[in-house]
Amino acid sequence: MAGKVIVTGLGPGDPAQVPEAVLKALAGADKIYLRTAHHPAVAALEVRGLKWETFDSFYEEAADFEELYQRIASFLLTAVAKTDKKLAYAVPGHPLVAERSVALLLEKAPAAGVDLEIIPAMSCLDALYATLKIDPALGLTVADALTFTVAGLDPARGLILTQVYNRRVAGEIKLDLMTVYPDEYPVTVVRGAGLPDGERVATVPLYTIDRLEWLDHLTSLYLPPYPEGRDRTLAGLEAIMARLRSPEGCPWDREQTHITLKRYLVEETYEVLEAIDAGDMNKLCEELGDLLLQVVFHARLAEEEGDFTLADCLEGICAKMRRRHPHVFGQAVLNTAGEVLARWDQIKATERREKGEEAPSVLSVPRGLPALLKALKVQEQAARVGFDWPRIEEVWTKVEEELDELKKAVASAGVEEQAAEMGDLLFSLVNLARWLQIEPETALQATVAKFAQRFNYIETAALKGGRDIEDLSLAEMDALWEEAKKIRPS
């Protein structure tokens, strides 16, 4: 039968604050392990004459903190697995507050058949609250600096980061925080919170926190609430939309429906595409924000009707991305983009069957897509199931065949047949573009833009000569066109 691990806290640092229950439990253990002996509270163990071993050597051997904590947890579970003895594992602060090694023990102990007992102590957070004079019930985010990321952070709440071990950790944290907070934002740095003779507090600009030379394993950071920072979060945009839709909000926004907003969704999408085509990253940033607003707007309308929320949208797409990328989030092996697309379609079909939906046609595209994009998409879908030309030479032959048929229709047929043959030719040209790996919509947009630029050159030249473009002869316009081509050859 496996033994038992008693996990205890040592408090924030003051030896006088180590609970008597902790000292009693340590005295009754067969063996004591400390995560680190570099902690002021260890003096309380020395006074009692207790002996221990530490994992300080692991700090030098591990590649990173995650490996360190994994090794500690594995060592303890292995050490107790084949014995009926009681081992004690003591950590700074409270064992369940910002203590990754204990979290790993709790996770792995059941499978190892090891019993764990947790004996609490005052955490470093309790000491920090007193030093900073803050009430965490008013809203506070607490995170371990070693695993912190700003993703999902609400800067309108105060932020405490523990275990800012050294200047390197502080530098990494600083760069992450400065994506949300101003460089000059005041940060209170606390070292040894609650220690009668060792507490040190300084408030410095965010960009300077890694310049402090006295940072160590007892150091934490506090950033007060920064409501303006919510403008850099999805939650901030949600709050603005809720205000606009409120009775005290905007009359226009309150009148909108999913139907009335359709045109704006389309317009913003095309403005994003225009920014991409122009290669203008500043414009793209702005237009993506406008497009995101439309998404949040529709989600807000749905939430008001009780249909779904933006959180539901996010949860759904996150689940879908994991499900449809088994080669990334699972064990599947897919080596090419073609294999990924084929597997994507298979997973989509399975999802529909599980929902009891009728299997859709292989050719399934939104009705509102532009014609060139729709043609490309149905050709791609057909090609995925093997309905495609085997060689590009046959695609060229098909284009020439359709061109000949259009010529014959123009020479002898009516408008309807001519239109049909024109459609066939365009469809075959889209297929050729697909074989050449050219995006037909983008290619045509570029040509339209080039034509417009050259035509504008003719108009400008005519005006400079004191004439309207209508007054120019075709020969004059052709000459100016050739000049424009020299300015922009392609």
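- Counted by atom type alone, Tyr226 and Glu228 present zero donor-acceptor pairs between their side chains at under 3.5 Å.
- Looking at Gln163, its side chain never comes within 3.5 Å of a backbone N or O of Tyr165 through a donor-acceptor pair.
- The number of heavy atoms from other shown groups lying within 6.0 Å of CD (Glu380) is above 12.
- A salt bridge links Arg71 to Glu61: at least one charged side-chain nitrogen sits closer than 4.0 Å to a carboxylate oxygen.
- Under the 6.0 Å cut-off for aromatic ring centres, Phe55 and Phe75 qualify, their centroids lying closer than that.
- When every heavy atom of Leu293 is checked against every heavy atom of Leu237, the shortest pair comes out as CD1-CD1, 4.0 Å.
- Atom OH of Tyr222 is separated from atom CG of Leu140 by 6.5 Å, given to the nearest 0.5 angstrom.
- Note: His298 and His258 have parallel aromatic rings, judged against thresholds of 30 and 60 degrees for the angle between ring planes.
- Heavy-atom neighbours of Glu107 CD from other residues, nucleotides or ligands within 6.0 Å: above the threshold of 12.
- For the residue pair Thr162/Asp144, the side-chain donor-acceptor check at 3.5 Å is not satisfied.
- Remark: Arg100 fails to qualify as a cation-pi partner of Tyr69 under the 6.0 Å distance and 45° angle criteria applied to the six-membered ring.
- A 6.0 Å sphere centred on CZ of Phe387 holds no more than 12 heavy atoms belonging to other residues, nucleotides or ligands.
- Other residues, nucleotides and ligands contribute only 12 or fewer heavy atoms inside 6.0 Å of the NZ atom of Lys86.
- Side-chain contact annotation: Arg232 with Tyr181, donor-acceptor N/O pair under 3.5 Å absent.
- Using a cut-off of 4.0 Å between Lys/Arg side-chain N and Asp/Glu carboxylate O, Arg300 and Asp253 are scored as not salt-bridged.
- Note on Lys283 versus Glu274: no salt bridge recorded, every NZ/NE/NH1/NH2 to OD/OE distance being 4.0 Å or above.
- With respect to the salt-bridge test (charged N to carboxylate O, under 4.0 angstrom), the residues Glu20 and Lys24 do not qualify.
- Within a 6.0 Å sphere centred on CG of Asp197, heavy atoms belonging to other residues, nucleotides or ligands number 12 at most.
- In summary, of the residues considered (Arg168, Lys174, Arg167), a side-chain hydrogen bond (donor to acceptor under 3.5 Å, both in side chains) with Asp210 occurs for Lys174 alone.
- In this structure, Lys320 does not pair ionically with Glu351, as no charged nitrogen and carboxylate oxygen lie closer than 4.0 Å.
- Judged by distance alone, with hydrogens and angles left aside, the side-chain atoms of Glu99 form no donor-acceptor pair with the main-chain N or O of Pro95 at under 3.5 Å.
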